[in-house]
Structure formats: structure tokens, C-alpha cells
Amino acid sequence: MKIYNLFPLTIAEDFVEMDNKERLQLVEIIKNMKKENKIDIKSDYAWTGDTKGHEFLFSHPMFKNLAKKISEAILNYLKIIEINTDLLDIYYQRSWATFTENEQKINFHTHSQSNISFAYYLLKPKDSGGIIFKSNELQNEVAKNIFTSSKLEKSLINKANVYNSDKSMFDPIQDAIIIFPSKTSHATLPNNSKLPRISISGDISIMLKDSTGFEHLMPNFKNWTKF
């Protein structure tokens, strides 16, 4: 029997090398941003800079080098899915740090306002948790909810595998970057180490340099009319 896996979701993993001196400088900046919050109550959820007034991290001069390296990884991702970047203007829409302490996590969500998102692992201790993706469109679902965990527990499903699972987990190492379509539902696993995990996330918007003849992709904002 031949098996054809159609309509893939492409998640890319790459590596952005950084020397330790620069890493420590960036970590210290992020720690100071976190300290700026007047209320710092212990929470089950990670501190995320995008909701705490620090959503434009790459505008900080110390993060320019990292932004440049990540840009190269994003361009490679677009080439893999055969998008002609010569016709596009590409922007970091926003960028922020995530500070995850012991037992903290982030629930499933999407970034519906952008096209591409990423997570770069600036500080990633062992057992500090990874990222998990979830599909809401199970192409192999031959009966509604047949692939739920309860069906696995009741032995209707023999074992979870790539053909029947609605979730996939990645446990990246330090300096890894995960790139994915922004519409993809994702979450982070709890940090089970005693040390903080620090990642840098970002949302990217793409738009046509010249939208003549195109209907659906975003036309360049330089031609928009403000009212």
C-alpha cells in the first residue's frame, strides 16, 4: 500500500548563533523590562512583553543584530514554500520577549493579525519546555472526534501517530528558531526546570510591492489613504 500525505503544514526549525556576551546583554535587557511591571504576581502563565508594553523589541538597538539574523531564516522559510520574495515587502510587525518561569506556560492561541510568526530560544535550560502545535482540521478524521484522547484511552485508537494526532510537540535547544504560519494554533509546554526560559517571538507581515493584477494579498501600505 502506498501512503500519500497531502496538504502539509510546514514548520521550520533553524539555528541563529549568538556569542555568550551578546546573549547575556539581551537577557539583562529583558529582565529589566519584566521588572518595569508594577504588579508582579506569581502566575501560571508566562510573562509576555507584547501585552506589557514591550511589543517592538527589534526597535531596540541591542536587538538589531539578532533581527538581521532572524530575517535570513524567514527568507529561507519563504523560499522553501516557493514564495517569490522579490515581489514582496516584508516587515517585522511586532516583536517581544517571553519570560517563562518554573511551571509556567502559554495556552493555545493564534496570531491572526500577521502572516508568519516565530519563536527564537535565547535562553533554554534543560527540561524548560517546548512549543506545541495543534490542528483544527484533521484530514484523516473518518468519524467526528474519533482521534480524541478518550478514544485512545478506550483502545478504539491503538496508538497515536502522525496519521491520527491533532498535536505535535517540539522541544528546541538554545539558539533554535521555530517558524510557522501565524494562523497555526500553538501553545507552550510548562517549564519543568528551576531556571527561566527566555524566548523572543515576532509577527511578520508581507505585502506586495506592486499589487497591480493581484486581488487577495495585501497591497502596499504606502498606497493606502488615511482618514
Under 3.5 Å, is there a donor-acceptor pair linking the side chains of S150 and T148?
yes
Quick check: closest heavy atoms across W224 and P219, and the distance to 0.1 Å?
NE1-O, 3.2 Å
Decide whether I30 and F58 are clustered together by the hydrophobic rule: side chain heavy atoms of Ile, Leu, Val, Met, Phe, Trp, Tyr closer than 4.5 Å, transitively.
yes
Taking all non-hydrogen atoms of both residues into account, name the closest pair between A46 and I106 and its distance.
CB-CG1, 3.9 Å
Can any side-chain N or O of K124 pair as donor or acceptor with the backbone N or O of P172 at less than 3.5 Å?
yes
Minimum heavy-atom separation for A73 to I179, with atom names?
O-CD1, 3.7 Å
Would you check if there is a donor-acceptor pair between the side chains of D14 and N76 at a distance under 3.5 Å?
no
Option passing side-chain contact (heavy atoms from CB on, under 4.5 Å) with L123 (candidates I198, L24, L195)
I198
Are F108 and H186 close enough, and set up right, to give a ring-ring contact (aromatic ring centres under 6.0 Å, His included), and what steps lead you there?
CA-CA 5 Å; F108 279 104; H186 60 285; 8.2 Å; no
Checking side-chain polar atoms at under 3.5 Å, does N191 have a donor or acceptor matched by the opposite partner on E101?
no
Side-chain donor/acceptor of E103 to backbone N/O of P190, under 3.5 Å
no
Centres of the H60 and W96 rings: under 6.0 Å?
no
Hydrophobic cluster membership, with links at side-chain heavy-atom distances under 4.5 Å among I/L/V/M/F/W/Y: are Y163 and V142 in one?
no
Aromatic ring proximity F180/F118, centre distance under 6.0 Å
no
Relative to each other, are the rings of F221 and Y91 parallel, tilted or perpendicular (30° and 60° limits)?
perpendicular
Is it the case that Q93 and S114 place a side-chain donor and acceptor less than 3.5 Å from each other?
no
Modelled atom types, side-chain donor and acceptor of Y92 and S71, under 3.5 Å:
yes
Is any side-chain heavy atom of I177 less than 4.5 Å from a side-chain heavy atom of Y121?
no
How about E22 and N65: does a side-chain donor come under 3.5 Å of a side-chain acceptor?
yes
For H111 and S117, work out which heavy atoms get closest and say how close.
ND1-OG, 3.2 Å
For the backbone of T48 and the side chain of T51, can you confirm whether one donor and one acceptor N or O come within less than 3.5 Å of each other?
yes
If we only count heavy atoms from C-beta on, is the N115 to I90 side-chain gap below 4.5 Å?
no
Would a 4.5 Å heavy-atom cut-off, applied to side chains only, mark K52 and M33 as touching?
no
Could you tell me whether R23 and D175 make a salt bridge, using a distance below 4.0 angstrom between a side-chain N and a carboxylate O?
yes
Please examine the side chains of T184 and T110, heavy atoms only from C-beta on, and report whether any two atoms are closer than 4.5 Å.
no
Decide yes or no for L122 and Q174: does some side-chain heavy atom of the first lie under 4.5 Å from some side-chain heavy atom of the second?
no
